[in-house]
Peer 1: 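Dropping the structure in here first, questions after.
Indexing begins at 1, ligand by ligand and atom by atom, following the structure's order.
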Amino acid sequence: MAINIEKIREDFPILSRSVNGKPLTYLDNAATTQKPQTVIDAIVDYYTNYNSNIHRGTHHLSNLATEAHEAARNTIKDYINARHDREIIFTRGTTEAINLVASSFGQAFIKPGDEVIVTELEHHSNFVPWQMICERQGAHFRVVPFDENGDLQLDVLEKLLSDRTRILAFNHVSNSLGTVNPAKEIIKMAHDAGAAVLVDAAQSVQHIEHDVQDLDADFYAFSGHKIYGPTGIGVLYGKEKWLDAMPPYQGGGEMIDQVSVEKTTYNKIPFKFEAGTPNIVGPIGLAAAIDYINNFNFDELIAHEDDVLQYGFEKLGEIDGLKIYSQAKRHTSIIAFNVEGIHHYDLGTLLDTQGVAVRTGHHCTQPIMTALGVEGTVRASLALYNTKADIDSLVAAIRKALKMLGK
Ligand code: PLP
């Protein structure tokens, strides 16, 4: 299907509402995306027609729910090109997926004196769990800095990698700067040093290439709500060889094989990592979101988003006193900025009065803010339904806010 942006916008009912008496301009997609009607319908259909607990059911509704849940696993597997459905584990989100790996991989493979590497570009979700496991296991926590353009300093990574490095965790796209990290190159560097790699794909899986086999990622994590699906559902992809070798993350129903007073044995993957009644409707909604994206040619979606992004850089760059952060070699979907003499929060609040939704603050990346020497930024972030008209509304709202502030 060729891209018809007006038609796409009609698919997302919330985009036609107004906020503070103005048409909504939604530019907070890195925090969460809006949902197409098909996703909303899939969720309503589940609760209306076949709500039931899954697995081990003997009745019709349970079988329908189980089939839909497992079909969703297959849709997700295809979208990221995993080898097997069993390499797809459902979690609450990226955060839980990363905590699962840090805890379980950490318990099995990170020993005192070993090293874990992350980067200064990480969301706290891909930073703090690694600090915690390093503390627990007596391992060393290493951080790759970024340069003045917002690109990772790969020469430093090269030096940090050693035969003590057990795992490198980094994001494909920075949620604060929009930097696209050269994931394939980084993964190869880590593998050459004998380290496993986790890719935080929370900001990449919906915007750029997302083939886990091509990347050769050992682990790959993302959140449903950032890719047009519901909240409360996320995905952890892991190579089978790692998932088989890792201990369970949580104990409870479903993750067991046999339980006795003497000993408990565990289920096979992915169920070993899915203790308890899962978020049943979450994967169903997420699969509907992926089906929605699959209606389009993904390269055309990327081209459209890039076009709007470049227009955003150009138009925001024309505003006096506005500083855009990050001139990274490759960029996607995010523009972070501040206006001289104005607190990011004040600017965000004034934009909201004009119906423009952006996010302000440290964006859960305090190490980035420290490196930039700021407390926070204003962040406009794009999704497939944004247009150049949204950028025009943002720019007009900023100019009006500046006038109101006497600038
Ligand atoms: N990683 C990145 C790069 C993110 O942008 C986010 C959320 O903004 C997360 C991890 C955490 O995602 P969630 O809160 O959905 O678990």
Peer 1: May I ask you to say whether E240 pairs ionically with R86, meaning some side-chain N is under 4.0 Å from a carboxylate O?
Peer 2: yes
Peer 1: Nearest protein heavy-atom contact for atom 6 (C) of ligand 1: which residue, which atom, what distance?
Peer 2: H123 CD2, 3.3 Å
Peer 1: Going from CZ on R9 to CG on L384, what distance comes out if it is rounded to the nearest 0.5 angstrom?
Peer 2: 10.5 Å
Peer 1: Should E120 and R142 count as an ion pair when the cut-off is N to O under 4.0 Å?
Peer 2: no
Peer 1: Check ring pair (Phe, Tyr, Trp, His ring centres under 6.0 Å) between H362 and all other residues, then give those that pass, not counting sequence neighbours.
Peer 2: H124
Peer 1: Of all residues at least two apart in sequence or in a different chain, which pass the salt bridge (Lys or Arg N to Asp or Glu O under 4.0 Å) check with K159?
Peer 2: none
Peer 1: So F90 and E274, side chain to side chain contact (heavy atoms under 4.5 Å, CB included) or not? Walk me through it.
Peer 2: CA-CA 7 Å; F90 292 129; E274 293 181 349; 3.6 Å; yes
Peer 1: Tell me: protein heavy atom nearest atom 7 (C) of ligand 1, and distance?
Peer 2: K226 NZ, 2.8 Å
Peer 1: Regarding atom 13 (P) of ligand 1: of the candidates I334, T95, I98, N99, which has the closest heavy atom?
Peer 2: T95
Peer 1: Give me the nearest non-hydrogen protein atom to atom 5 (O) of ligand 1 as residue plus atom name, then the distance to 0.1 Å.
Peer 2: Q203 NE2, 2.7 Å
Peer 1: For S223, take its heavy atoms, then give the atoms of ligand 1 lying under 4.0 Å from any of them.
Peer 2: 12 (O), 13 (P), 15 (O), 16 (O)
Peer 1: To check your reading of the model: name the closest protein heavy atom to atom 1 (N) of ligand 1, its residue, and the distance in Å.
Peer 2: D200 OD2, 2.5 Å
Peer 1: Relative to ligand 1, is H225 under 4.0 angstrom through side chain, backbone, both or neither, heavy atoms considered?
Peer 2: side chain
